[in-house]
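Everything below concerns the one structure shown next.
In each ligand, atom 1 is the first atom listed, and ligand 1 is the first ligand listed. Because only heavy atoms are used, hydrogens play no part in the values below, and waters and symmetry mates are left out as well, while side chains stay in.
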Amino acid sequence: MTSDVLIIGGGVIGLACAIELKSRGANVTVLCRDFSAAASHAAAGMLASDAENIANEAMLSLCWRSRALYPEWTAKLEKLTGLSTGYWPCGILAPVYQQPETRTNDQSPAYWLDKSAIELYQPGLGADVIGGWWYPEDGQVDNRALAQVLRTAAQSLGVELKDGIKVEAIAQQQGQVIGVQTNTGLIRAAHYLLAAGAWANELLPLPIRPRKGQMLSLQVPEFLPELPLTRVLFGENIYIVPRRNRSIILGATSEDVGFTPHNTPGGIQSLLQAAIRLYPQLENYPIQELWWGFRPATPDELPILGNSHCPNLTLATGHYRNGILLAPVTATLIADLICSQTADPLLTNFHYSRFQAQTSTTTSMLTNSANFTNGNRTNLSLPSSEFHIQDSGLIIAGKTFKSRLMTGTGKYRSIEEMQRSVVASGCQIVTVAVRRVQTKAAGHEGLAEALDWNKIWMLPNTAGCQTAEDAIRVARLGREMAKLLGQEDNNFVKLEVIPDAKYLLPDPIGTLQAAEQLVKEGFAVLPYINADPMLAKRLEEVGCATVMPLAAPIGSGQGLKTTANIQIIIENANIPVVVDAGIGAPSEASEAMELGADALLINSAIALAENAPAMAYAMNLATVAGRMAYLAGRMPRKDYASASSPVTGTITS
Ligand SMILES: Cc1cc2nc3c(=O)[nH]c(=O)nc-3n(C[C@H](O)[C@H](O)[C@H](O)COP(=O)(O)OP(=O)(O)OC[C@H]3O[C@@H](n4cnc5c(N)ncnc54)[C@H](O)[C@@H]3O)c2cc1C
Ligand SMILES: CC(=O)[C@@H](O)[C@H](O)COP(=O)(O)O
């Protein structure tokens, strides 16, 4: 199937664009990994152009234009589907506890209400509220209802919606996108739109980071026949959004913790405290639901809209706190651009190139991997090819690494050999056995000082721990060790719980127990496991940052002995799968990457090679080659031969 426009991402932005493009005559397909795992479902749905006090003029214009489109846009969608979006131009009231400074943006219609006026406007506010701003033009939409309406509308218009499809890479050739590599194969279109929200930088090196927000909802008690709140309350570190269906949404925290899942007691407590201070009677309302989501944040907090470095790829992402509000205007501007090549002047303010000094979207995966040198140049001479496939690199717990090969530090004949091998491997993550460094075990003296931790990310591991308790303790020591070596924000731990000395096979139960505890303590946990798909899923569910299934026992060099199970793990994982242990040769490293592993951890095969740095270099190339081959898409296996040259036109006697 080839469509005119293929959209990556089915949040409100992808769906709103799909509908607009379809209504202008395009054939549209939307690929989405999971329609409900989206910021669009997690949001509060405020349309807060004025209450947000936006200082950037272009952004303010964009927000105003979008808010102005809302009544007609939602009316059309509701007519088409017969469903309600919950659009409610209810205004936003922003109570304050201290005399406010002047507003950054004095162009918005905003009215100051003193204490007595605000009490009349909204009875029941906290006693220490001294007044507040009233923004009559702002409002809200029920974002979950809106997402459902958008899906229904898209379907009824004939947009092809494909759920459960993960785009793994954007394939490019000669400056054009030639297809997207997915978990179900390569899919092609004439034009592509990237609308993958907080996950966009898994596909292109755009500076988008997830900004987690925790939320909860309460229910208006039955003994209150009327809604106690009929407008949004926008307070300090809290907003309270009353829905017409008697839910009251409270949000939201703003946390820079990567894609760490779950609600936390601290997060929910801070919301409840702020909400009760602002509107005390909420204290007694029943709690309905808790959830969290990831805002797609850019460094300047403005979206990335418009053309990309490829003429047939358009960008609509990075909407951060205002994506629900900005959906209609984004759809209009993007459809103008794709269908009529008309670029609204406003778009220049949101072009990706404003970040170009910090990030290059045209660097290829080959170039990235080959040139990464930990500060020392390796002598890699890979061909600079324009037939590369864009690959953003490996993302673990919100941190991006260009290299997909991790190495260890043990078993080398000398520190100097280890240093040269680490450089030749091109790796950016090196795992270190916390216990051995702490006890200065043979071969580990001076190890911590031997590598430049400004350039290499330390992955402390719990090698030598036989129980969950032991591993938890050593993980905490590891975090301190990383801090001491200058990596203040390093919360990574490679979790190994290994009671068995002969095969060094990990204890699945101890690993799961330790992982659960360490995730609660804020660690990014990378558990070493047997290649067990069920265990991998459970570890993902408790919030691990990766899973690290073994290819074969540690140090055995037996190669990929667990292929079938690793394949299942890869198929089902939403977190990176790092094949760890047992790889003996570059062909095996490549094979694991060809299967779709996100990364490899290789120690013994490098350290025990006759020429360790040369083997490290070979493993580097094999990792890149395997990844590239995976992204390029292997030809299907066939039972019979099929001639490579044409069978017609031969000379017959
Ligand atoms: C707690 C919270 C409160 C918020 N409150 C508000 C608010 O009150 N008002 C407001 O205007 N905005 C709010 N926002 C922001 C708003 O939700 C987002 O800006 C908006 O939803 C972004 O929409 P999107 O479609 O770009 O991304 P998303 O809604 O995140 O959708 C992206 C989709 O792409 C899919 N995807 C990602 N990668 C791939 C891939 N490789 N292959 C296939 N599919 C992929 C994901 O599964 C997802 O379904 C809030 C956000 C949060 C988290
Ligand atoms: C260093 C480390 O973490 C190893 O325990 C890892 O499992 C790699 O195994 P190989 O040594 O078999 O590559």
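Compare Ile324, Ile8, Ile13 by their heavy atoms: the one nearest to atom 25 (O) of ligand 1 is in Ile13. Between Met548, Lys494, Gln558, Met619, it is Lys494 that holds the heavy atom closest to atom 3 (O) of ligand 2.
Atom CG in Leu250 sits 4.5 Å away from atom CG in Leu216 (nearest 0.5 Å). Taking NE2 from His41 and CG from Asn143, the interatomic distance works out to 8.5 Å, rounded to the nearest 0.5 Å. Distance check: Leu146 CG to Thr74 OG1 gives 8.5 Å after rounding to the nearest 0.5 Å. Separation of atoms OG1 (Thr431) and NZ (Lys494) is listed at 5.0 Å; rounding is to 0.5 Å. Rounded to the nearest 0.5 Å, atoms OG1 (Thr511) and CD1 (Ile498) are 8.0 Å apart. From Leu526, atom CG reaches atom CE of Met548 across 6.0 Å, with rounding to the nearest 0.5 Å.
Every atom of ligand 2 is numbered from 1 in the order shown, and the set under 4.0 Å from a heavy atom of Gly582 is 10 (P), 12 (O). Shown in contact with Gly555 at under 4.0 Å from a heavy atom are these atoms of ligand 2, numbered in order with element: 10 (P), 11 (O), 12 (O). Close approach to Gly10 involves these atoms of ligand 1, each under 4.0 Å from a residue heavy atom: 33 (C), 34 (O). Of all atoms in ligand 1, listed by their number and element, those nearer than 4.0 Å to a heavy atom of Lys166 are 42 (N). Every atom of ligand 2 is numbered from 1 in the order shown, and the set under 4.0 Å from a heavy atom of Thr431 is 1 (C), 3 (O). The ligand atoms of ligand 2 that sit less than 4.0 angstrom from a heavy atom of Ile554 are 5 (O), 7 (O), 9 (O), 12 (O). Atoms of ligand 2 lying under 4.0 Å from any heavy atom of Glu496, numbered from 1 in the order shown and given with element: 3 (O), 5 (O). Numbered from 1 in the order shown, with element, the atoms of ligand 1 that lie under 4.0 Å from a heavy atom of Ala37 read 46 (C), 47 (O), 48 (C), 49 (O). Close contacts between ligand 1 and Leu325 involve ligand atoms 10 (C), 11 (O) [criterion: under 4.0 Å to a heavy atom]. Remark: ligand 2 atoms within the under-4.0 Å shell around heavy atoms of Ile602 are 13 (O).
In plain terms, the two heavy atoms of Ala169 and Leu203 that are nearest each other are N-CD2, 3.7 Å.
Counting heavy atoms under 4.0 Å from ligand 1, residue Ala44 touches it through both backbone and side chain. Only backbone heavy atoms of Ile165 (N, CA, C or O) come within less than 4.0 Å of ligand 1; its side chain stays farther off. Residue-level proximity to ligand 1 for Arg321 is carried by the backbone, the only part with a heavy atom below 4.0 angstrom.
Counting non-hydrogen atoms of other residues, nucleotides and ligands closer than 6.0 Å to CG of Asn237 gives a total of 12 or fewer.
Look at Met215 and you'll find a heavy atom under 4.0 Å from some atom of ligand 1. Ligand 2 does not have Ile583 within reach: every non-hydrogen atom of the residue lies 4.0 Å or more from it. Look at Asn322 and you'll find a heavy atom under 4.0 Å from some atom of ligand 1. Within the structure, the closest approach of Trp292 to ligand 1 does not fall below 4.0 Å when heavy atoms are considered. The shortest heavy-atom distance from Gly251 to ligand 1 is not under 4.0 Å. The shell of residues lying under 4.0 angstrom from ligand 1, judged by heavy atoms, includes Cys32.
Ligand 2 has no N or O atom lying under 3.5 Å from any N or O atom of Gly408, backbone or side chain. In terms of polar-atom proximity, defined here as any N/O pair under 3.5 Å, Leu326 makes no such contact with ligand 1. At a 3.5 angstrom cut-off on N or O pairs, Met46 counts as close to ligand 1. At least one N or O atom of Ser40, backbone or side chain, sits closer than 3.5 Å to an N or O atom of ligand 1. Any N or O atom pair closer than 3.5 Å counts here, and Ser604 shares at least one such pair with ligand 2. Considering backbone and side-chain atoms together, Ser556 places no N or O closer than 3.5 Å to any N or O of ligand 2. An N or O contact shorter than 3.5 Å is missing between Lys411 and ligand 2 by distance.
Using a 30° and 60° split on the angle between ring planes, Phe259 and Phe294 fall in the perpendicular class, above 60°.
For atom 9 (O) of ligand 2, the nearest protein heavy atom (residue, atom name, distance) is Ala581 CA, 3.2 Å.
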